[in-house]
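One structure is given below, encoded as structure tokens.
We use all heavy atoms of the structure for the numbers below, so side chains are in, but hydrogens, waters and symmetry mates are not.
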Amino acid sequence: MTEAVEKLTKKNEDPSKWYLQLVRMAKLADYGPVRGTFAIRPYGFEIWERIQRDLDDRFKATGHKNAYFPLLIPESYLKKEAEHVEGFDPELAWVTIGGREELEERLAIRPTSESIICDFYKNWIQSYRDLPLLINQWCNVLRWEKVTRPFLRTSEFLWQEGHTVHATAEEARAETLQMLNVYQDCFHEAMSIPVLTGMKSPSERFAGAVETFTCEALMGDGRALQAATSHDLGQNFAKAFDITFLDENQDRVYPYQTSWGFSTRVIGGLILVHGDDRGLKLPPKLAPTQAVIVPIWRGNNKGEVRREAETLFDELKDAGLRMEADLDEEHSPGWKFNEHELRGVPVRVELGPKDIEKGQAVLVRRDTGEKEFVARKELPARLNELMGEIQENMLRQAAAFRHENTRQAESYGEFKEIIAEKRGFVVAPWDGTEETEQKIKEDTKATIRLLPFERQEGKDLVSGKPGKTAVFARAY
RNA sequence: CGGGACGUGGCGCAGUCUGGUAGCGCACUCGGCUGGGGGCCGAGUGGUCGCCGGUUCAAAUCCGGCCGUCCCGACCA
């Protein structure tokens, strides 16, 4: 329940230190013994479970089923798709010994499951009647990362990976975009995180994909986070893994595939987007505790206040709110206020002798700090209403921040200045060449986060050649 | 992987230069008083100093190797 009384570093003073302290102080995660491994603690995991449920419902609503595939992937499978293995090779962890015997073929711990899943799909798909195949997997993956950070980049992480197979290229593309929208809806509606959607440049494309689409979010420190991706794999994997089917014309043809993923990284996004100097700030839809009752008592009225708090707790719980009553007698109200703000609980309900006398309670919003006095019998309705208001306001606040930190650059000088001094998203035309993309990266550390769906003509700031809109930023 | 800093009870740190057998604050336990923004007093529990090896009568302290963490850079679906 309690944690060391340490002052949380100010968010803009040292964002990195702030982030790491918050992760630990709010009991979201804890370091493991192997580099880049972390335990997700119950409070953090409960947030993940709610995100997971929201997304999973959306997958089911769009016709997908869940399944589970093996953790270990034979080396030969990974090698079948050339670009794929090249992309992942540097980050693989290998199993070379089983029991006490050296294995004939070493086995990779999955960094992603395209290759092993394709091997199954090869047998599962024979006819056009077997398509589309719409499967999702919730699992862990392992990538031997050099620089890790809780949630944002961990060696092992939890995610979902969707793997679908379609008869036509059009269908596969439609699926890719549909899932991109599913992600966007989850970010906006459940997480109150506004995201930009668009296409990756070829250099940022998933290894083996024909086209990669992305959801990009802007963090509070002005850096971008790739929050989810959806890939159109074309026939690349089908050809590599020999997945074929007989179509209506009795021709044996290769199908078209997609894959799409979303990971525990988004918890890091949640912290960075909404968190402030007081700590975490959770959107009501994801908060393990939506409102916490803090009783204010004195020695002589402790019993009465406690009884009132317990009654109120039951009432609000029955009204459908995820409640907590902090009846701990060790800590002062002030201590509890700080603690629950650190944990990001959306609303605090203060109940003291004066409130009981007046038949009211004090509500304090975590997102704005606003205080309101509400009559006891109106509390359930008001609190439920507040949850919606806070959920929406958090999205609005984050969207306003993104708006303020999205800038057009008219010249390369201006571009460099914005990235160096203000960060955020910079919108500028790009000539489509890897050379200019690379130069910008070398000069400014900014990369193309995405190519929007609607792009305007203009002149590339570096080359002066004709180009179209791209969104740049420094990324996590 | 390169440059830098660091690793001492759960957390933050002192002690390391000048070897002599571990200390402070917070947390935790017990008792009492308190309680509308991180309360107070008293009494306690807990570590052999990241790991391995070396030097020495003696190592948290000196030397070597390894592991890990943080920052910067490279890499990163």
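Among the heavy atoms of the strands lying under 4.0 Å from Phe337(A) is at least one base atom, whether or not backbone atoms are also near. The residue Phe157(A) sits close to a base: some heavy atom pair falls under 4.0 Å. Across all strands shown, Glu204(A) has heavy atoms under 4.0 Å from sugar-phosphate atoms exclusively, and none from any base. In this structure, Arg205(A) reaches the sugar-phosphate backbone alone: every heavy-atom distance under 4.0 Å involves primed, P, OP1 or OP2 atoms, never a base. Among the protein residues, His231(A) comes within range of the sugar-phosphate backbone only, with heavy atoms under 4.0 Å from sugar or phosphate atoms but none that close to a base. Using a 4.0 Å heavy-atom cutoff across all strands shown, Glu442(A) reaches no nucleic acid atom at all.
For the residue pair Met179(A) and Ser230(A), the shortest heavy atom distance occurs at CB-OG, 4.1 Å. The two atoms that bring Ile448(A) and Lys200(A) nearest to each other are O-NZ, 4.4 Å, heavy atoms only. Smallest separation of non-hydrogen atoms from Lys27(A) and Tyr43(A): O-CB, 3.6 Å. Residues Trp297(A) and Leu327(A) come closest through the heavy atom pair CH2-O, 3.5 Å.
Distance noted for atom P between G44(B) and U55(B): 43 Å (whole Å). Nucleotides G10(B) and C51(B) have their P atoms positioned 13 Å apart, rounded to a whole Å. Nucleotides C6(B) and C62(B) place their P atoms 12 Å apart, quoted to the nearest Å. Comparing the same atom, C1', in G23(B) and in C70(B) gives a spacing of 25 Å after rounding to whole Å. Across A60(B) and G47(B), the matching P atoms stand 16 Å from one another, rounded to whole Å.
One can place NE2 of His84(A) at 9 Å from C1' of A77(B), the figure rounded to the nearest angstrom. Distance CH2 (Trp260(A)) to C1' (A77(B)): 17 Å, rounded to an integer number of Å. Whole-Å rounding puts the Glu91(A) CD to C75(B) C1' distance at 9 Å. Taking atom CD on Glu145(A) and atom C1' on C1(B), their separation rounds to 14 Å, with Å as the unit. Rounded to whole Å, the distance from CD on Glu339(A) to P on G39(B) is 12 Å. For the pair Leu233(A) CG and A77(B) P, the interatomic distance rounds to 15 Å; values are reported in whole Å. When rounded to the nearest whole Å, the span between CD of Glu341(A) and P of G36(B) equals 15 Å. Spacing between atom CG of Asp326(A) and atom C1' of G38(B) amounts to 13 Å, rounded to whole angstrom units.
Contact check of residues 261-269 of chain A against RNA chain B (heavy atom, cut-off under 4.0 Å) returns no residues at all. Contact check of residues 352-361 of chain A against RNA chain B (heavy atom, cut-off under 4.0 Å) returns Gly352(A), Pro353(A), Lys354(A), Asp355(A).
For Ser76(A), the side chain to side chain donor-acceptor pair (under 3.5 Å) partners two or more places apart in sequence, or in a different chain, are Glu105(A). Residues meeting the salt bridge (Lys or Arg N to Asp or Glu O under 4.0 Å) test with Arg106(A), sequence neighbours left out: Glu75(A). Glu372(A) is linked by a salt bridge (Lys or Arg N to Asp or Glu O under 4.0 Å) to Arg382(A), counting only residues two or more places apart in sequence or in another chain. With sequence neighbours excluded, no residue forms a side chain to side chain donor-acceptor pair (under 3.5 Å) with Trp18(A). Take Phe262(A) and apply the ring-ring contact (aromatic ring centres under 6.0 Å, His included) test, not counting sequence neighbours, and it matches Tyr183(A), Phe187(A). The side chain to side chain donor-acceptor pair (under 3.5 Å) check on Arg455(A) picks up nothing, with sequence neighbours excluded. Residues meeting the salt bridge (Lys or Arg N to Asp or Glu O under 4.0 Å) test with Asp276(A), sequence neighbours left out: Lys281(A), Arg366(A).
Both distances falling under 3.5 Å, in either a Watson-Crick or a G-U wobble arrangement, place G7(B) opposite C67(B). Across all strands shown, C62(B) forms a Watson-Crick or G-U wobble pair with G54(B), both key distances being under 3.5 Å. Across the strands present, A43(B) finds its partner in U29(B); the criterion is a Watson-Crick or G-U wobble pair with both atom distances under 3.5 angstrom.
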Which atoms of nucleotides 67-72 of chain B (N or O only) lie under 3.5 Å from a protein N or O atom, and what are those distances?
{"unit_1": "U69(B)", "atom_1": "OP1", "unit_2": "Gly36(A)", "atom_2": "N", "d": "3.3"}
{"unit_1": "C70(B)", "atom_1": "OP1", "unit_2": "Tyr31(A)", "atom_2": "OH", "d": "3.2"}
{"unit_1": "C71(B)", "atom_1": "OP1", "unit_2": "Ser16(A)", "atom_2": "OG", "d": "2.2"}

Identify all pairs in which a protein N or O lies below 3.5 Å from an N or O of nucleotides 41-52 of chain B, and state each distance.
none

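With respect to the salt-bridge test (charged N to carboxylate O, under 4.0 angstrom), the residues Glu329(A) and Arg306(A) qualify.
No side-chain N or O of Thr176(A) forms a donor-acceptor pair with one of Glu211(A) less than 3.5 Å apart.
Taking the six-membered ring where the residue is Trp, the centroids of Phe472(A) and Phe415(A) are separated by under 6.0 Å. Checked against a 6.0 Å centroid threshold, the rings of Phe120(A) and Phe69(A) count as neighbours.
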Below 3.5 Å, can you tabulate the donor-acceptor pairs from side chains in residues 145-155 of chain A to any protein atom, sequence neighbours excluded?
{"unit_1": "Glu145(A)", "atom_1": "OE1", "unit_2": "Arg153(A)", "atom_2": "NE", "d": "3.4"}
{"unit_1": "Arg149(A)", "atom_1": "NH1", "unit_2": "Ser16(A)", "atom_2": "OG", "d": "3.3"}
{"unit_1": "Thr154(A)", "atom_1": "OG1", "unit_2": "Glu156(A)", "atom_2": "O", "d": "2.8"}
{"unit_1": "Ser155(A)", "atom_1": "OG", "unit_2": "Arg35(A)", "atom_2": "O", "d": "3.1"}

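Closest-nucleotide positions on RNA chain B for Lys441(A) and Arg348(A) were compared, and the one nearer the 5' end corresponds to Arg348(A). Take the nearest nucleotide of RNA chain B for Trp297(A) and for Thr112(A): the residue whose nucleotide is more 5' is Trp297(A).
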